[in-house]
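Reviewing the structure listed below.
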Amino acid sequence: MKNVRLFIPVVLFALFLTAGCRFDPASPESGSQQVIVRSDSLPVMHNIDSLFAIFVRAEGRAHVQAANVLSRNIYELGHIYSDTVFAENVSVTGCDAHIYGAMALYKLDHGDYASAISFNRQSLELYRELCDSLRIVYKLQNLYVNYSLTGQYEHALACLDESLEIATTIGDEPMIANTLLCMGDLHHRNGHNEIAAGYFEKGYERYVRLGNVKRIITSLVGLSVANRELDYTDEAYRYALKSDSLSRENGNDFSRIESLGTLATAYQKMEEWEKALACLDESRGICERLDRKSSLANVLCWTGEVHFKSGKNPKKAEEYLKRNIAIGEEINKPDVLNEAYEYLYKLYKSCHNNALALEALEKNVGMKNRLYREEIQEQLGNFHVRYETQEKEHRIIMQEKDISRHKMTNKLILCIGILAVIIMSILYRYMRGRKRYAEQQKLLAENKVKQLEQETQLVATQAILDGETQASPATCTTDWAVS
């Protein structure tokens, strides 16, 4: 009984270790308030960062519940991508990949590009673990958008290259075509129009096979603009004519703005001024109908340029350029203003109006300086985003290592607890066996003593009996002799 009484508290202590081994950073002992999440109610709090912190800390079933709450809150803020409810038996990796993607979308919408890149990269790595090729492609294209917005063209191009390779491997034709268009757009924005035209043409050929008219128009617009920038007038004209014809048939006015602008440029180089102005007038009407002020400013500038270069109506050129300046100031577009002031300077100079020419030149120089400052600020901002991205990724890695270390500690404590229970159980069985063995030996000894005592008594009794037997004949003999 003494051994049993000693064993009970040891077992209880081991069970305490086993039951309490889960480390909870949100527990009162860790210095923060514990939060209990209910998956059925899915409350809408909109404190996304706090909910994400709860999601990261939670384990097991609570992790999935926290994912549902976070997903629901992001959805309530207007991100349709996050409208998902996870089952309790969902793959933790798949759940995490989706949540990191939703967080990337949320951060991108709020202008936090560094966090958006970090979350997208984490989501991408998790989808790599799941070998989900299609979602890997989606994530790579999301990263392409993030990197493009921050001027990281090399990273953006690397994402598209990998996306194209995976899409080709799995044979997803729409994804291949879309990636080719993205590559064309990226090279065009980076000033590599020859390469861009090649990718636009490849994308165009694939979309023709797929029969996607909307994307065919987009490809043709890209081809016309890239060739226009390269001064390949005939090619630009041919693609713009196709694009405008398809856009007109399918009621795609937005695409017609670029197509008509390219046609106007082609007519301008052919010195067919009336046709160029007709295209620009039609494009201007579309811009006004769609209320696209930025595009309208560009069209007005092109119209003023055509009037100036034709030399037929300087007053009209001045009128369109001034309208362009008014819209440029309204929408705060220094690049539009810079081009307008440059043409105004040339116009006033050709008219020998030196005072107005000097004023336009000063404003043109001011706009160039402003554009240069903004370009420097954008580059500094991009460097800051890259630095923040690296810092946040480092913090996330350290956080994951910390969580992994805590989980490992929990598992170690659990193993120690289980081992302690096993050892105590073995010791208990050993001590109980020893006790039984001692009792058996004692019983055997007692039985042996009793057996010996019985044997001794039996021998003594036999000896007495043997003695009495021997004495009786002697007595008879003696009696006979006497008689």
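Any value given below was found using the heavy atoms of this structure, including those in side chains, with hydrogens, waters and symmetry copies removed. This structure is a prediction, so every number in the text was calculated from the model and none was measured.
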> Taking it one step at a time, do Asp253 and Arg292 satisfy salt bridge (Lys or Arg N to Asp or Glu O under 4.0 Å)?
Replying inline: CA-CA 11 Å; Asp253 287 339; Arg292 297 190 61 85; over 6 Å; no

> For the ring pair Tyr106 and Phe119, is the centre-to-centre distance below 6.0 Å?
Replying inline: no

> Lys242 and Tyr204: side chain to side chain contact (heavy atoms under 4.5 Å, CB included), yes or no, with the steps?
Replying inline: CA-CA 12 Å; Lys242 278 186 183 179; Tyr204 167 71; 3.9 Å; yes

> Which distance, rounded to the nearest 0.5 Å, do you find between the CG of Leu124 and the CG of Asp132?
Replying inline: 11.0 Å

> Where do Val213 and Glu249 land on the side chain to side chain contact (heavy atoms under 4.5 Å, CB included) test, with the steps shown first?
Replying inline: CA-CA 10 Å; Val213 178; Glu249 289 174 11; over 6 Å; no

> Which residues satisfy the side-chain contact (heavy atoms from CB on, under 4.5 Å) test with Val145, sequence neighbours excluded?
Replying inline: Leu149

> Would you say Tyr207's side chain and Asn178's backbone share a donor-acceptor pair under 3.5 angstrom?
Replying inline: yes

> When rounded to the nearest 0.5 angstrom, what is the spacing between CD in Glu305 and CD in Glu342?
Replying inline: 9.5 Å

> Between Leu160 and Leu140, is a side chain to side chain contact (heavy atoms under 4.5 Å, CB included) present by the stated rule, with each step listed?
Replying inline: CA-CA 7 Å; Leu160 288 177; Leu140 285 166; over 6 Å; no

> When you look at Tyr267 and Tyr237, which way does the ring-ring contact (aromatic ring centres under 6.0 Å, His included) test go after all the steps?
Replying inline: CA-CA 8 Å; Tyr267 286 132; Tyr237 174 76; 5.5 Å; yes

>> How long is the straight-line distance from CG of Asn68 back to CZ of Phe55, given to the nearest 0.5 Å?
In response: 10.0 Å

>> Would you say that more than 12 heavy atoms from the other residues, nucleotides or ligands in this model lie under 6.0 Å from the NZ of Lys269, or not?
In response: yes

> Among His187, Gln152, Glu162, which residue meets the side chain to side chain contact (heavy atoms under 4.5 Å, CB included) test with Leu157?
Replying inline: His187

> Can you name the nearest heavy-atom pair linking Ile136 to Arg128, along with the distance?
Replying inline: CD1-CA, 3.8 Å

> Hey, does the side chain of Ser283 reach the backbone of Cys279 with a donor-acceptor pair shorter than 3.5 angstrom?
Replying inline: no

>> Looking at every non-hydrogen atom in both residues, tell me the closest pair between Gly94 and Leu130 and how far apart they are.
In response: CA-CD1, 3.6 Å

> Between Cys95 and Ala67, what is the shortest heavy-atom contact and its length?
Replying inline: SG-CB, 3.3 Å

> Would you say the side-chain atoms of Asn364 pair up with the backbone N or O of Ala360, donor to acceptor, closer than 3.5 Å?
Replying inline: no

>> Is it the case that the side chain of Asn338 and the backbone of Pro334 share a donor-acceptor pair, with hydrogens and angles ignored and the cut-off at 3.5 Å?
In response: no

>> On a heavy-atom basis, which atom in Ser219 and which in Gly203 lie closest, and how many Å separate them?
In response: OG-C, 4.0 Å

> Between Ile74 and Leu105, is a side chain to side chain contact (heavy atoms under 4.5 Å, CB included) present by the stated rule, with each step listed?
Replying inline: CA-CA 9 Å; Ile74 295 176; Leu105 188 67; 5.9 Å; no

> Are any side-chain N or O atoms of Asn190 and backbone N or O atoms of Leu186, one a donor and one an acceptor, separated by less than 3.5 Å?
Replying inline: no

Using a 3.5 Å cut-off and no angle test, enumerate the donor-acceptor pairs between side-chain atoms of residues 295-304 and protein atoms at least two apart in sequence or in another chain.
unit_1	atom_1	unit_2	atom_2	d
Asn298	ND2	Ser294	O	3.4
Thr303	OG1	Val299	O	2.7

> Are side-chain N/O atoms of His155 and Asn146 paired as donor and acceptor at under 3.5 Å?
Replying inline: no

> Minimum heavy-atom separation for Ala97 to Leu126, with atom names?
Replying inline: N-CD1, 3.5 Å

> Step by step, would you call Asp234 with Arg238 a salt bridge (Lys or Arg N to Asp or Glu O under 4.0 Å)?
Replying inline: CA-CA 6 Å; Asp234 292 341; Arg238 180 163 54 88; over 6 Å; no

Pair up each side-chain donor or acceptor in residues 191-202 with any protein partner under 3.5 Å, not counting sequence neighbours, and list the distances.
unit_1	atom_1	unit_2	atom_2	d
Asn193	OD1	His188	ND1	2.7
Glu194	OE1	Tyr232	OH	3.2

>> Nearest 0.5 Å, please: how far is OG1 in Thr218 from CG in Asp185?
In response: 10.5 Å

N/O donor to acceptor pairs below 3.5 angstrom from side-chain atoms of residues 254-264, sequence neighbours left out:
unit_1	atom_1	unit_2	atom_2	d
Ser255	OG	Asn252	OD1	3.3
Ser255	OG	Asn252	ND2	3.2
Arg256	NE	Asp244	OD1	2.8
Arg256	NH1	Glu282	OE2	3.0
Arg256	NH2	Asp244	OD1	3.3
Arg256	NH2	Glu282	OE2	2.5
Ser259	OG	Ser243	OG	2.5
Ser259	OG	Ser255	O	3.1
Thr262	OG1	Arg228	NH1	3.1
Thr262	OG1	Glu258	O	3.0

Which donor-acceptor pairs under 3.5 Å do side chains of residues 169-176 form with protein atoms, sequence neighbours excluded?
unit_1	atom_1	unit_2	atom_2	d
Thr169	OG1	Glu165	O	2.8
Asp172	OD1	Met175	N	3.2
Glu173	OE1	Arg206	NH1	2.6
Glu173	OE2	Arg206	NH1	3.1

>> Which heavy atom of Asn353 sits nearest to which heavy atom of Leu356, and what is that distance?
In response: ND2-CD1, 3.1 Å

>> Keeping Ser115 on the side-chain end and Asp112 on the backbone end, is there a donor-acceptor pair under 3.5 Å?
In response: no

> Should the heavy atoms of other residues, nucleotides or ligands under 6.0 Å from CE of Met270 be counted, would the total exceed 12?
Replying inline: yes

Check residues 319-333 and write down every donor-acceptor pair under 3.5 Å in which the side-chain atom is one partner and the other belongs to a residue at least two apart or another chain.
unit_1	atom_1	unit_2	atom_2	d
Lys322	NZ	Glu318	OE2	3.1
Glu330	OE2	Lys293	NZ	2.4
Asn332	OD1	Arg370	NH2	2.4

